[in-house]
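Before any comments, here is the structure.
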Amino acid sequence: NAGVTQTPKFRILKIGQSMTLQCTQDMNHNYMYWYRQDPGMGLKLIYYSVGAGITDKGEVPNGYNVSRSTTEDFPLRLELAAPSQTSVYFCASRTSASYEQYFGPGTRLTVT
Amino acid sequence: AQSVTQLGSHVSVSEGALVLLRCNYSSSVPPYLFWYVQYPNQGLQLLLKYTSAATLVKGINGFEAEFKKSETSFHLTKPSAHMSDAAEYFCAVSRPKGNEKLTFGTGTRLTIIP
């Protein structure tokens with residue numbers, strides 16, 4: 001049981017490039033979340049999903065897209081990367097019965 | 001809307017001393033409250049949670065927190081700090097229903113002085 005895994009761990013992008021951050025969980029959790037963490041700002045919710053085929057915007061969705069075709073996977077897509085998207089990105093998941101969110105180890109993204 | 005305020009972005013305590021990390025919440029309905037810990041270069045891990053049962057909640061690693069409705073507070077304490085407690089701590093609030101999302105505070109970095 002690996003929990004929540006995220007790839008890559010680190011990435012440097014040039015302005016205008018695109019990439020997908022991968023998130024997979026093996027706990028059969030129906031809820032999944034993407035957050036970004038910036039120094040002194042806590043965690044901000046980007047997108048979330050309550051089950052396969054269902055996604056919704058969080059607090060800071062601009063510049064990002066998500067999809068949820070399976071229970072296990074919840075990729076985050078960055079189109080036309082901007083320096084403002086330099087951040088640490090965390091994926092999390094939980095069951096509908098518990099409010100405890102399980103976090104992945106994060107992806108550190110730098111856009112230059 | 002809900003929010004949490006963590007007082008003190010940095011807290012330093014001596015090893016063996018009391019740890020007190022402050023969290024105040026704002027919520028239009030009785031909230032669920034959480035403390036998460038983040039060790040360097042890792043994701044967040046749940047320390048403890050309040051979900052409207054006992055107001056004094058015990059968590060992992062000797063931490064506890066008390067829900068005080070009259071003060072809208074959920075402060076985190078540990079009687080005796082250990083070097084391994086050095087980390088960043090986040091308070092979070094949620095409405096107690098369905099697919100409600102967590103709203104995080106800005107975090108408190110705890111430093112332990114040997």
Side-chain angles (χ1 to χ4, degrees), chain A residues 2-10 21 23-25 27 29-52 54-61 68 87-109, chain B residues 1-11 21-25 27 29-53 57 59-60 67 74 87-109:
Chain A
V4 180
T5 57
Q6 293 182 238
T7 57
K9 288 188 176 3
F10 304 94
L21 282 66
C23 175
T24 300
Q25 53 90 12
M27 298 174 284
H29 288 173
N30 45 345
Y31 289 77
M32 296 188 75
Y33 305 84
W34 273 108
Y35 295 93
R36 58 177 289 171
Q37 183 181 29
D38 301 300
M41 301 293 288
L43 278 76
K44 302 292 186 184
L45 182 65
I46 305 171
Y47 271 96
Y48 68 102
S49 169
V50 301
I54 306 170
T55 63
D56 206 351
K57 296 178 181 179
E59 189 178 355
V60 290
R68 184 96 182 269
S87 188
V88 181
Y89 292 85
F90 288 101
C91 180
S93 70
R94 70 170 176 95
T95 69
S96 55
S98 169
Y99 284 84
E100 177 176 0
Q101 293 189 17
Y102 292 81
F103 283 79
T107 294
R108 185 174 295 274
L109 175 67
Chain B
Q2 310 149 89
S3 65
V4 290
T5 301
Q6 292 185 240
L7 300 175
S9 58
H10 292 85
V11 170
L21 304 182
R22 300 178 187 274
C23 173
N24 288 90
Y25 70 89
S27 178
V29 298
Y32 283 1
L33 292 158
F34 307 81
W35 276 100
Y36 280 82
V37 60
Q38 184 181 32
Y39 298 104
N41 300 314
Q42 294 187 26
L44 278 69
Q45 177 184 1
L46 183 69
L47 266 182
L48 50 80
K49 62 185 177 186
Y50 166 77
T51 55
S52 73
V57 181
I60 61 172
F67 173 70
F74 191 58
E88 189 149 22
Y89 293 79
F90 293 92
C91 183
V93 63
S94 171
R95 289 163 62 102
K97 182 185 288 189
N99 65 346
E100 294 296 339
K101 304 170 285 295
L102 286 177
T103 299
F104 286 87
T106 52
T108 297
R109 183 169 299 279

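Computed over heavy atoms, backbone and side chain alike; hydrogens, waters and symmetry mates excluded. Naming convention: chains lettered A, B, ... in sequence-line order (proteins, then strands); numbering from 1 in each chain.
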Discussion item. Using heavy-atom distances under 4.5 Å, tell me whether B:Gln38 contacts chain A through its side chain, its backbone, both, or neither.
Written reply: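 Only the side chain of B:Gln38 comes within 4.5 Å of chain A.
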
Worksheet item: Taking 4.0 angstrom as the limit, do B:Glu88 and B:Arg109 come out as a salt bridge?
Response: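 The answer is yes: the pair qualifies as a salt bridge.
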
Discussion item. Before you tell me yes or no, could you show the steps for A:Tyr48 and A:Tyr31 under side chain to side chain contact (heavy atoms under 4.5 Å, CB included), namely the whole-Å CA-CA distance, both residues' side-chain angles and the distance that decides it to 0.1 Å?
Written reply: CA-CA 7 Å; A:Tyr48 68 102; A:Tyr31 289 77; 5.5 Å; no

Item to complete: Return the set of residues passing side chain to side chain contact (heavy atoms under 4.5 Å, CB included) with A:Ile54 (not counting sequence neighbours), or none when no residue passes.
Response: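 By the side chain to side chain contact (heavy atoms under 4.5 Å, CB included) rule, A:Ile54 matches A:Val50.
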
Worksheet entry | Non-neighbouring partners of B:Phe67 that pass ring-ring contact (aromatic ring centres under 6.0 Å, His included), sequence neighbours left out |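 Checked B:Phe67 against ring-ring contact (aromatic ring centres under 6.0 Å, His included); matches are B:Tyr25, B:Tyr50.
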
Which region of [X], side chain (C-beta onward) or backbone (N, CA, C, O), has a non-hydrogen atom less than 4.5 Å from a non-hydrogen atom of chain B, or is it both or neither?
X        : value
A:Leu45  : side chain
A:Tyr102 : neither
A:Gln101 : both
A:Ser49  : neither

Item to complete: Decide whether A:Asp38 and A:Ser87 meet the rule of one side-chain donor and one side-chain acceptor closer than 3.5 Å.
Response: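 Distance-only check passes for A:Asp38 and A:Ser87.
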
